[in-house]
Amino acid sequence: MQRIVYVNGEWLPESEAKVSVFDRGFLFADAVYEVTAVIGGKLIDYAGHAARLKRSLGELGIASPVDADQLLDIHRQIVARNNLGEGLIYLQISRGPADRDFTFPKNPAPTIVLFTQPKAVLANPKVETGISVVTLPDQRWARRDIKTVQLLYPSMAKMEAMRQNADDAWLVEDGFITEASSANAHIVTAEGKLITRSLTSAILHGITRASVLDLARGAGVPVEERAFTLEEARQAAEAFITSASSFVMPVTRIDGEPVGNGKPGPVTQRLRASYIENRLAGAI
Ligand code: PLP
């Protein structure tokens, strides 16, 4: 079954969906993206993703080819046209095609593409065991707050993690954890305090992170937004990652050593349950 893909105003079978070889997304990674989870045919945390998309486009001076109402309509239509019950919607907007030149084109025509990826987001077997991570140097560019498609280093980090028989990488800069290859990183201290890196250009401002912090504060979990060291992560009682594709996922091993007792921790499990309950109720 071919998926139906959205490309610049058209709905096309995936084999017919094409963009130009001159597209600046292809030649310069001059493009931003969003990934939104779908459960029960509904969009999870959509408002946050739409707001971050607007910010990413603004930071790069790319004009959105669609307005807010059109964007929501396209998301809803792509779910319906692909009969997507559970999975992810991938959206990318690039500056569009232009003669290859380092300067931005004068009259760009941005390219917009959306496609669906069916996936069992909720029933992830790793939730029971947690994932293992290895730490690697963070060698990405310095504007990680913009969700660009420059994903080569995260991809290399993930490959290196797998080569070391781990599930993912936690990236380290100046002794501090920045984030995972494609998720935000968090720890819980023995006293039950949630520590997570504050929002700067060092990390992506995760939509799931923001929702989980709100829920944690609402449930009386003390939250400290600051950079934490690799050593603190090793000493933590619990660790977890957050992202639109994994929600809240326990991290139970760091560099081969167990985190706490090596099992998913109670704070992590409560936050996962609370995120799912709350966000399913608010899904649109
Ligand atoms: N950090 C990075 C580097 C990511 O790539 C992602 C998601 O793709 C996240 C964090 C999590 O962000 P969100 O919760 O908005 O999916």
Side-chain angles (χ1 to χ4, degrees), residues 29 31-39 43-57 59 75 86-93 114-115 117 119 121-122 124 131 133 135-161 167-173 176-187 194 196-216 225 227-228 233 239-251 268 271-272 274-276 278-280 282-283:
V32 301
Y33 76 107
E34 280 298 329
V35 175
T36 304
V38 172
I39 307 272
L43 308 167
I44 305 292
D45 255 340
Y46 176 78
H49 290 284
R52 185 175 59 191
L53 174 67
K54 198 170 165 194
R55 178 180 183 275
S56 295
L57 289 169
E59 290 297 307
H75 275 80
E86 190 167 327
L88 304 170
I89 298 176
Y90 178 86
L91 167 152
Q92 180 171 324
I93 298 178
L114 282 88
F115 58 81
Q117 282 187 313
K119 181 179 177 210
V121 183
L122 284 179
N124 187 334
I131 61 164
V133 300
T135 53
L136 294 173
D138 196 336
Q139 295 180 345
R140 299 173 298 164
W141 80 327
R143 287 304 306 275
R144 302 159 196 155
D145 56 313
I146 311 174
K147 198 167 166 69
T148 75
V149 301
Q150 297 182 66
L151 297 174
L152 184 53
Y153 187 72
S155 197
M156 289 167 72
K158 186 106 183 175
M159 290 306 290
E160 175 57 20
D167 297 299
D168 200 359
W170 272 19
L171 305 175
V172 183
E173 190 170 57
F176 294 96
I177 305 291
T178 50
E179 53 191 331
S181 66
S182 59
N184 289 113
H186 318 263
I187 56 172
L194 196 172
T196 193
R197 193 151 179 145
S198 49
L199 296 180
T200 63
S201 52
I203 62 165
L204 185 74
H205 301 186
I207 303 309
T208 320
R209 172 194 178 281
S211 298
V212 166
L213 293 193
D214 274 354
L215 291 165
E225 291 186 65
F228 58 88
F240 64 93
I241 56 169
T242 54
S243 73
S245 55
S246 68
F247 293 166
V248 176
M249 175 63 70
V251 171
T268 305
L271 288 174
R272 179 178 172 86
S274 144
Y275 178 81
I276 291 171
N278 183 279
R279 275 1 207 194
L280 278 182

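Keep in mind that what you see is a predicted model, and the values were worked out from it rather than measured. Numbering of ligands and ligand atoms starts at 1, following listing order.
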Name the closest protein heavy atom to [atom], giving the residue it belongs to and the distance to 0.1 Å.
{"atom": "atom 5 (O) of ligand 1", "result": "S182 CA, 3.4 Å"}
{"atom": "atom 14 (O) of ligand 1", "result": "T208 OG1, 2.6 Å"}
{"atom": "atom 1 (N) of ligand 1", "result": "E179 OE1, 2.6 Å"}
{"atom": "atom 12 (O) of ligand 1", "result": "G206 CA, 3.5 Å"}
{"atom": "atom 13 (P) of ligand 1", "result": "I207 N, 3.6 Å"}
{"atom": "atom 16 (O) of ligand 1", "result": "A244 N, 2.9 Å"}

Please verify the inter-ring angle class for Y275 with F247; under 30° counts as parallel, over 60° as perpendicular, anything in between as tilted.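 Rings of Y275 and F247: tilted, 30 to 60°.
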
Taking atom 8 (O) of ligand 1 as the point of reference, which of R52, K147, R140 owns the nearest heavy atom? K147

Pick from S211, A183, S246: the one approaching atom 9 (C) of ligand 1 most closely through a non-hydrogen atom: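 Of the listed residues, A183 has the closest heavy atom.
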
Can you list the ligand 1 atoms lying under 4.0 Å from a non-hydrogen atom of [X]?
{"X": "T242", "answer": "11 (C)"}
{"X": "N184", "answer": "10 (C), 11 (C)"}
{"X": "Y33", "answer": "5 (O), 8 (O)"}
{"X": "H49", "answer": "15 (O)"}

Stepwise side-chain contact (heavy atoms from CB on, under 4.5 Å) test for F176 and D138: CA-CA 10 Å; F176 294 96; D138 196 336; over 6 Å; no

What's the verdict on side-chain contact (heavy atoms from CB on, under 4.5 Å) for E225 and T196, showing C-alpha distance, side-chain angles and the deciding distance? CA-CA 5 Å; E225 291 186 65; T196 193; 4.0 Å; yes

Of the backbone atoms (N, CA, C, O) and the side-chain heavy atoms from C-beta on, which set of R144 has a member under 4.0 Å from an atom of ligand 1: side chain, backbone, both, or neither? neither

Apply the test side-chain contact (heavy atoms from CB on, under 4.5 Å) to residues H75 and L91: give CA-CA distance (whole Å), side-chain angles for both, the deciding distance (0.1 Å), then the verdict. CA-CA 9 Å; H75 275 80; L91 167 152; 3.8 Å; yes

Lys/Arg-Asp/Glu bridge criterion (N-O < 4.0 Å) met for E179, R197: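 No, E179 and R197 are not salt-bridged.
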
Is the shortest side-chain N to carboxylate O distance from E173 to R140 below 4.0 Å?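 Salt bridge flag = no for R140 with E173.
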
Between OG1 on residue T178 and CD1 on residue I203, distance to nearest 0.5 Å: 8.0 Å

In terms of side-chain heavy atoms, does R279 have a donor or acceptor partner in S211 at a distance below 3.5 Å?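 There is such a pair between these side chains.
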
Please report the C-alpha distance between R55 and D145 in whole Å, then the side-chain angles of each, then the deciding distance to 0.1 Å, and finally whether the side-chain contact (heavy atoms from CB on, under 4.5 Å) criterion is met. CA-CA 10 Å; R55 178 180 183 275; D145 56 313; 3.0 Å; yes

